[in-house]
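Worth knowing before you read on, the calculation uses all heavy atoms, side chains too, and leaves out hydrogens, waters and symmetry mates. Throughout, numbering of the chain's residues begins at 1 and tracks the sequence. As the structure is a prediction and not an experimental result, all values here were calculated from the model.
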Amino acid sequence: MVESQKLKEWNKKKKRMIEDLKTTSDYLKIAQQVFNRYIRKRDNGLNCISCDKPCKKENAGHYYSQGGHSNVRFSEENCHLQCEHCNTFLSGNLLNYQIGIEKRIGSQKLMELQAIAHETKKWTKDELKELIATYKQKLK
């Protein structure tokens, strides 16, 4: 019984130590994975936002790129189901994406998205942890 208790305590301590070692970049990667999974689930059954065809391989495509537009990286209005062909091989197929996104969210929301897209956002570990928890909950 004593060994079992020591093992449980060690596992708890090890888990805390691993969490403490994670960087903001690590949390950003995890948050992006969870967010993208949510987008694919949210848009399940919809066609690709760019080519309007059923997706063979589903991607969570960002209208404003996640790398260059940190402020809208986790915006649900900026991210939609996109086929791998449009997202990867056509670099987002942005002209057709613009047509599709305007149909889905409307021109007013698109203009609001454009207004905030070019603001820079520096994510903190706590904000990312909260995002991860929020989207894990939404996935349930």
Side-chain angles (χ1 to χ4, degrees):
M1 224 16 137
V2 176
E3 285 298 316
S4 170
Q5 186 63 26
K6 283 183 182 179
L7 183 62
K8 283 182 183 179
E9 287 177 18
W10 166 243
N11 285 336
K12 279 185 182 180
K13 184 177 179 181
K14 186 168 73 170
K15 188 175 181 180
R16 268 195 315 271
M17 288 172 24
I18 289 171
E19 284 296 312
D20 291 342
L21 289 173
K22 285 185 182 172
T23 64
T24 304
S25 180
D26 293 330
Y27 283 111
L28 193 61
K29 184 178 178 182
I30 295 165
Q32 193 67 63
Q33 290 170 345
V34 173
F35 177 77
N36 289 353
R37 197 172 331 128
Y38 167 74
I39 294 299
R40 288 190 300 271
K41 183 176 180 180
R42 178 197 73 184
D43 291 357
N44 187 28
L46 295 176
N47 288 339
C48 171
I49 189 140
S50 297
C51 67
D52 200 30
K53 295 178 183 170
C55 299
K56 290 180 183 170
K57 182 156 190 229
E58 299 175 337
N59 285 194
H62 291 72
Y63 182 64
Y64 290 101
S65 68
Q66 60 187 8
H69 302 88
S70 57
N71 199 37
V72 292
R73 181 181 195 142
F74 299 109
S75 166
E76 292 182 27
E77 292 173 341
N78 182 50
C79 193
H80 301 273
L81 186 71
Q82 197 172 38
C83 68
E84 185 174 34
H85 179 74
C86 286
N87 192 25
T88 305
F89 302 111
L90 299 179
S91 301
N93 195 356
L94 291 179
L95 185 59
N96 288 322
Y97 198 136
Q98 184 175 5
I99 295 165
I101 194 172
E102 194 166 354
K103 285 179 187 174
R104 286 207 192 158
I105 69 172
S107 57
Q108 181 63 37
K109 290 260 189 211
L110 185 56
M111 287 190 322
E112 290 170 13
L113 187 64
Q114 185 177 13
I116 63 170
H118 299 287
E119 296 172 14
T120 303
K121 169 80 172 129
K122 183 103 167 113
W123 294 95
T124 66
K125 280 185 186 182
D126 289 336
E127 287 173 320
L128 293 168
K129 285 179 184 179
E130 191 175 316
L131 263 172
I132 292 165
T134 298
Y135 283 102
K136 279 186 174 180
Q137 186 62 39
K138 283 185 171 193
L139 280 165
K140 289 182 181 177

Got a donor-acceptor contact below 3.5 angstrom from the [X] side chain to the [Y] backbone?
X: Asn78; Y: Val72; result: yes
X: Asn71; Y: Ala117; result: no
X: Gln32; Y: Lys29; result: no
X: His62; Y: Arg73; result: yes
X: Asn93; Y: Cys86; result: no
X: Asp26; Y: Thr23; result: yes

So does [X] pair up with [Y], basic N to acidic O under 4.0 Å?
X: Glu76; Y: Lys138; answer: yes
X: Arg40; Y: Glu58; answer: no
X: Lys103; Y: Asp52; answer: no

**OP:** Provide the full list of side-chain hydrogen bond (donor to acceptor under 3.5 Å, both in side chains) pairs with a residue in residues 7-17, sequence neighbours left out, each pair given once.
**Re:**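 Residue pairs with at least one partner in residues 7-17: Gln5-Glu9.
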
Does [X] reach the side chain of [Y], with side-chain heavy atoms less than 4.5 Å apart?
X: Cys48; Y: Leu81; answer: no
X: His80; Y: Arg42; answer: yes
X: Cys51; Y: Cys83; answer: yes
X: Glu77; Y: Tyr63; answer: no

Specify the closest pair of heavy atoms between [X] and [Y], including all atoms of both residues, with the distance to one decimal.
X: Asn36; Y: Cys79; value: OD1-SG, 4.5 Å
X: Glu84; Y: Asn59; value: CA-OD1, 3.7 Å
X: Gly61; Y: Gln82; value: CA-OE1, 3.3 Å
X: Ile101; Y: Gln98; value: CG2-O, 3.3 Å
X: Asn87; Y: Ala60; value: ND2-O, 4.3 Å
X: Lys125; Y: Lys22; value: NZ-O, 2.8 Å

Original post:
Can you get from Tyr97 to Leu90 by hopping between Ile, Leu, Val, Met, Phe, Trp and Tyr side chains that sit under 4.5 Å apart?
Top reply: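 No: no chain of side-chain contacts under 4.5 Å links Tyr97 to Leu90.
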
Original post:
Between Tyr64 and His118, is the ring centre distance below 6.0 Å?
Top reply: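 Yes, close enough.
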
**OP:** Ignoring hydrogens and angles, state whether a donor on the side chain of Thr124 or Glu127 is under 3.5 Å from an acceptor on the partner side chain.
**Re:**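 Note: Thr124 and Glu127 side chains meet the donor-acceptor criterion.
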
**OP:** Please check if atom NZ in Lys121 has more than 12 non-hydrogen atoms from other residues, nucleotides or ligands closer than 6.0 Å.
**Re:**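 Check passes, neighbour count above 12.
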
**OP:** Evaluate whether atom CD of Glu112 has more than 12 neighbouring non-hydrogen atoms of other residues, nucleotides or ligands under 6.0 angstrom away.
**Re:**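 Yes, CD of Glu112 has more than 12 neighbouring heavy atoms, counting only those of other groups under 6.0 Å.
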
Original post:
Members other than Ile132 in its cluster, when Ile, Leu, Val, Met, Phe, Trp, Tyr link by side-chain heavy atoms under 4.5 Å?
Top reply: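 Besides Ile132, the cluster holds Tyr27, Leu28, Ile30, Val34, Phe35, Tyr38, Ile39, Phe74, Trp123, Leu128, Leu131, Tyr135, Leu139.
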
Subject >> side-chain contact (heavy atoms from CB on, under 4.5 Å) between Lys6 and Val2, intermediate numbers included >> reply: CA-CA 6 Å; Lys6 283 183 182 179; Val2 176; 4.0 Å; yes

